[in-house]
2 protein chains.
Amino acid sequence: MTTQTAAEADECPVVGTLEDVLAALGDPVRLEMVRRMWGAGGPKPCGQLYAGVSKSTASHHFKVLREAGIVRTARINGKVHQELRKAELEAAFGPVLESVVRAANR
Amino acid sequence: MTTQTAAEADECPVVGTLEDVLAALGDPVRLEMVRRMWGAGGPKPCGQLYAGVSKSTASHHFKVLREAGIVRTARINGKVHQELRKAELEAAFGPVLESVVRAANR
DNA sequence: CATCTAGTTCGACGAGTATCGAACTAGATG
DNA sequence: CATCTAGTTCGATACTCGTCGAACTAGATG
């Protein structure tokens with residue numbers, strides 16, 4: 001990978017496989033992160049997306065979500081934000097994410 | 001659990017958590033098993049639900065699906081069959097399984 | 001009964017995972 | 001510049017997971 005800005009480097013051109021996505025969502029911490037992002041409608045500061053685990057653990061989870069193509073990372077006003085790649089996921093898997101988040105919100 | 005027949009013993013009264021279900025589906029072998037069952041409309045012999053892994057590995061995967069509450073096991077004419085618990089999953093999680101299988105069928 | 005097929009359990013193994021604190025990096029602020 | 005907060009990476013750890021073949025179980029069949 002050539003030198004890019006942080007935002008670009010986290011812009012995965014491809015979403016992971018359906019299994020990758022499901023496996024990534026199959027963890028309570030990550031599912032909660034995604035659930036919180038779903039309602040945000042845009043980038044959200046990392047610290048607002050989880051509770052109950054350490055910063056380093058949360059960082060690990062964001063990495064898993066990112067590598068599965070579920071989120072993208074952006075630095076806004078010097079703070080790291082995470083945002084769901086709704087459009088890409090919808091394009092690849094249809095209403096999977098939406099149905100999952102709705103189920104998580106039950 | 002009191003003594004019951006094999007079919008009854010595999011009748012889990014409760015579906016697993018959403019994370020359990022997603023994690024169970026987040027494996028290529030198990031996702032394929034579920035995808036094949038989806039179109040069956042009823043119990044299906046185990047041997048028809050997978051390919052590429054050994055019998056013991058397949059058996060392990062069926063166990064994971066069963067413990068997540070995704071399938072139920074029944075013995076028909078002496079042969080073990082697996083069947084999706086569509087109604088229970090729909091009741092617990094809405095259209096999650098349907099959207100996942102549709103995505104798997106893309 | 002013996003034999004067969006289908007499926008489960010067991011034990012082992014290498015790989016992967018979720019977690020943490022320490023060390024580090026990235027910015028903002030005064 | 002120093003200091004702070006937010007977030008990442010690293011190393012370590014205990015645990016889990018997917019895999020297999022062997023041994024076992026469950027039925028059907030002749």
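- C/dG30: Watson-Crick or G-U partner is D/dC1, with both key distances under 3.5 Å.
- No hydrogens or angles were tested; on distance alone, nothing pairs the side chain of B/Thr57 with the base of D/dG18 as donor and acceptor under 3.5 Å.
- Among C/dA22, D/dG21, D/dG27, the nucleotide with an atom closest to any side-chain atom of B/Arg75 is D/dG27.
- If you measure from atom CG of A/Asp20 to atom P of C/dG16, you get 13 Å, rounded to the nearest angstrom.
- If you find the closest nucleotide of DNA chain C to A/Val53 and to B/Tyr50, the one lying nearer the 5' end belongs to B/Tyr50.
- The two residues B/Val64 and B/Ala24 come nearest to each other via the heavy atoms CG1-CB, 4.1 Å.
- As rounded to whole Å, 17 Å separates atom P of D/dT19 from atom NZ of B/Lys55.
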- Message: If you apply the rule salt bridge (Lys or Arg N to Asp or Glu O under 4.0 Å), what do you find for A/Glu88 with A/Arg72, and how did you get there?
- Response: CA-CA 11 Å; A/Glu88 293 93 324; A/Arg72 68 170 65 86; 2.6 Å; yes
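- Summarising the geometry, the separation between CG on B/Asp27 and P on C/dG16 is reported as 14 Å, rounded to the nearest angstrom.
- Taking every side-chain heavy atom of B/Arg30 into account, D/dG18 is the closest of D/dG18, C/dA18, D/dG21.
- Distance CZ (B/Phe62) to C1' (D/dC17): 18 Å, rounded to an integer number of Å.
- By the 6.0 Å contact criterion, CG on A/Asn105 is enclosed, its count of non-hydrogen atoms from other residues, nucleotides or ligands being greater than 12.
- Distance CD (B/Gln82) to C1' (C/dA6): 12 Å, rounded to an integer number of Å.
- Rounded to an integer number of Å, the gap from B/His61 NE2 to D/dC17 C1' is 9 Å.
- Note: CG (B/Leu65) to P (C/dT8) measures 12 Å, nearest angstrom.
- Taking CG of A/Leu84 as the start and CD1 of A/Ile70 as the end, the distance is 8.5 Å to the nearest 0.5 Å.
- C/dG14: Watson-Crick or G-U partner is D/dC17, with both key distances under 3.5 Å.
- Counting non-hydrogen atoms under 4.0 angstrom, B/His60 reaches a base of the nucleic acid.
- Two residues, A/Ser56 and A/Lys79, neighbour DNA chain D, and the one matched to the more 5' nucleotide by heavy-atom proximity is A/Lys79.
- When both pairing distances are held under 3.5 Å, C/dA22 makes a Watson-Crick or G-U pair with D/dT9.
- Heavy atoms from other residues, nucleotides or ligands lying under 6.0 Å from NZ of B/Lys63 number 12 at most.
- Evaluation of atom-type donor-acceptor distances gives no pair under 3.5 Å for the side chain of A/Ser59 against the base of D/dG7.
- Taking atom NE2 of A/His81 as the reference point, atom C1' of C/dG27 lies 13 Å away to the nearest angstrom.
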